K.L.:
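Take this structure, written in structure tokens, and hold onto it; I'll ask about it next.
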Protein chains: 2
Amino acid sequence: MTDKRPVVIDLKFAREAVSEALKGAFPGREVIDLADSAHAGRDLSEAAYAVVWKPDPSLFSRAPGLKLLFSGGAGVDHLLSLPGLPDLPIIRFVDRSLTDRMSEWVVLNCLYHLRNMPLYQRQQREKIWHEVIRQPEACDVTVGVMGLGVLGLDAVRKLKVMGFDVVGWSRRLKKIDGIETFDEDHIDDFLARTDILVGLLPLTAETRGLYDSSLFAKLRQKGALGRPVFLNAGRGGSQVEADVIAALEKGVLGGASLDVFEKEPLLPESPLWNMDNVVITPHAAAASDVSVLFSHVEAQLTRYERGEELQHVVDRWSGY
Amino acid sequence: MTDKRPVVIDLKFAREAVSEALKGAFPGREVIDLADSAHAGRDLSEAAYAVVWKPDPSLFSRAPGLKLLFSGGAGVDHLLSLPGLPDLPIIRFVDRSLTDRMSEWVVLNCLYHLRNMPLYQRQQREKIWHEVIRQPEACDVTVGVMGLGVLGLDAVRKLKVMGFDVVGWSRRLKKIDGIETFDEDHIDDFLARTDILVGLLPLTAETRGLYDSSLFAKLRQKGALGRPVFLNAGRGGSQVEADVIAALEKGVLGGASLDVFEKEPLLPESPLWNMDNVVITPHAAAASDVSVLFSHVEAQLTRYERGEELQHVVDRWSGY
């Protein structure tokens, strides 16, 4: 049996939740939490593993003995862009809870727009009792999910159960039972079918700025909802926010639900805050449960130290 | 083959949608639409069937030859309370679309409260970017569905897929695979388990005023949501609205979504309109699609005229 080598923590989120979760985590293993001032100038040369979210790039020179890097969330763009990133396996955070929460957000927001909630909530504020007569149901509406990884597949399945017509898109064609899917060469066909676009893509060179005016213009016009709706719970860097705003103002889009933004927190001057057909959540669609993150890391460390194959390793070439 | 006998229509809703849907409905059969002034003083003695929603009670004396009564919606309380109601089979409106729409509303509203949307929407209005740290997920929350007919069963199934823990209640015990169910003798056990109460009950002598202060006090306190939430998409007469308001004001309830009210339209002076943890929809959770209603009626008439057994016949004794 190998000795358990130290793990470095550099998670730039939910400070208190991290400290709390660290109390019971990594039994028998030294934990160096860089947010703890007691560890400020610590020698990290013994550290073999790091669990990070937007880490300080100096980590890599301070800890030259790292063997594995764990992302604190599903995305890894915060890591791949770092200067001096060593060539180590990077393991993404995949867990049932994160997946389920993302699907909650996606289904909630698809139903919210399907069921005219922006209008009904405006009417409620004005004390107006008025039923929308033409109420399409889920099967009249096609939801197009971009990104068919663990999160996308779960969302697709649950949207289907709720009765939506669902289509899927991924760069490389992915076959899913009972769902029509499209690949990068057929994105226009995919968009022309889509009434509610759900963005669950990672941020890569290919997806940066993808959701722009020209893409919105290709979505199905005059579908059951009248105008298409845009949901993004992937990465803010994939949307051209000025184009989202313009599309909403011009009526190219009939509504939006956004959990991610080009710059977070969303700037107070953004007109998105005031649009009543827009739902804004503060990058909270699928927050990582930190204690689950640490169990996931521990499970992978155990596999690694036993010489077993690692799971959820990122393909650096494709960026996710 | 029998001659196709006339059908009388007395539907006190969606006037335009009814006229529109009648155009293609009931081929080869005379249709007497009482909302059409041309039919005002019409002799109805030949009419064998009536499709009604809150009909004028004089219908029964004017049309003594009626053989079947069709309700224009899932509920039949609007009919059973009528003076002079003849002893005829009453057929309720059951269709996939109505069922799916009701489940859309139920799942939407359960997710809305689960995912802190009242808070996030308040924050959006105030341009506040703040993530709720303690975010329970669906499996941490028990949804208790009251009423396990066609609508309740479909809602239960979809809530389960979304990850909720689900329990069910009906007057007489109903066994459902994988769901714990309770009957009228065990309502307190059911309520003590429930974080989100979903009311899908018909209005009967037993359910009138059922949702009152004493019932709300029995719901699980200090569950994953902090305080219980009440949803009603059954009938307004089942709720004591003053008690709903008091429970919300006192914090016995943490939120509510209401589609039905004691008096509809909801009176402008109701404090419910202004509560930002309350969602109000104008009896629109599962509006009947009138053209689907007429196809359903036509299908049952065909069965009847062929001497086949009728479906969805109401049990008058139990009131639904």
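Note that this is a predicted model, so its numbers are computed, not measured.
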K.L.:
For Trp273(B) and Trp129(A), take the angle between the two ring planes, folded into 0 to 90°, and tell me which bin it lands in: parallel under 30, tilted 30 to 60, perpendicular over 60.
P.N.:
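Rings of Trp273(B) and Trp129(A): perpendicular, over 60°.
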
K.L.:
Between Ala138(B), Ser103(B), Gly163(B), which shows the greatest number of heavy-atom pairs under 4.5 Å with chain A?
P.N.:
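Most heavy-atom pairs under 4.5 Å with chain A: Ala138(B).
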
K.L.:
Keeping the roles fixed (side chain from Gln239(A), backbone from Val260(A)), state whether a donor-acceptor pair exists under 3.5 Å.
P.N.:
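Yes: the side chain of Gln239(A) pairs with the backbone of Val260(A).
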
K.L.:
Where on Phe164(A) is there a heavy atom nearer than 4.5 Å to chain B: the side chain, the backbone, both, or neither?
P.N.:
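Neither part.
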
K.L.:
Would you mind checking which part of Gln121(B) comes under 4.5 Å of any heavy atom in chain A, side chain (CB onward), backbone (N, CA, C, O), both or neither?
P.N.:
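It is the side chain, since no backbone atom gets that close.
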
K.L.:
Please classify the contact between Glu126(A) and chain B as side chain, backbone, both or neither, with a heavy-atom cut-off of under 4.5 Å.
P.N.:
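Answer is neither: Glu126(A) stays 4.5 Å or more from chain B.
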
K.L.:
Heavy-atom distance under 4.5 Å between the side chains of Ile245(B) and Met275(B), does that happen here?
P.N.:
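Ile245(B) vs Met275(B): side chains touch.
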
K.L.:
Between Arg96(A) and Asp154(A), is there a side-chain N and carboxylate O pair less than 4.0 Å apart?
P.N.:
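Between Asp154(A) and Arg96(A) there is no salt bridge, as every charged N stays at least 4.0 Å from the carboxylate O atoms.
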
K.L.:
Can Arg15(B) and Asp33(B) be counted as an ion pair, charged N to O under 4.0 angstrom?
P.N.:
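Asp33(B) and Arg15(B): salt-bridged.
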
K.L.:
Only counting residues at least two apart or in another chain, list the ones meeting ring-ring contact (aromatic ring centres under 6.0 Å, His included) with His296(A).
P.N.:
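In terms of ring-ring contact (aromatic ring centres under 6.0 Å, His included), with neighbours along the sequence ignored, His296(A) is linked to Phe93(A).
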
K.L.:
Between Pro282(A), Ala284(A), Pro265(A), Pro268(A), which has the largest tally of heavy atom pairs under 4.5 Å with chain B?
P.N.:
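Top count of heavy-atom pairs under 4.5 Å with chain B: Pro282(A).
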
K.L.:
Side chain from CB out, backbone as N, CA, C, O: work out which of these in Phe261(B) comes under 4.5 Å of a heavy atom of chain A, or both, or neither.
P.N.:
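When you check distances to chain A, only side chain atoms of Phe261(B) fall under 4.5 Å.
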
K.L.:
Quick check on the interface: out of Leu114(A), Ile128(A), Asp276(A), Ile280(A), who has the most heavy-atom pairs with chain B under 4.5 Å?
P.N.:
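When all of Leu114(A), Ile128(A), Asp276(A), Ile280(A) are compared, Ile280(A) has the most.
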
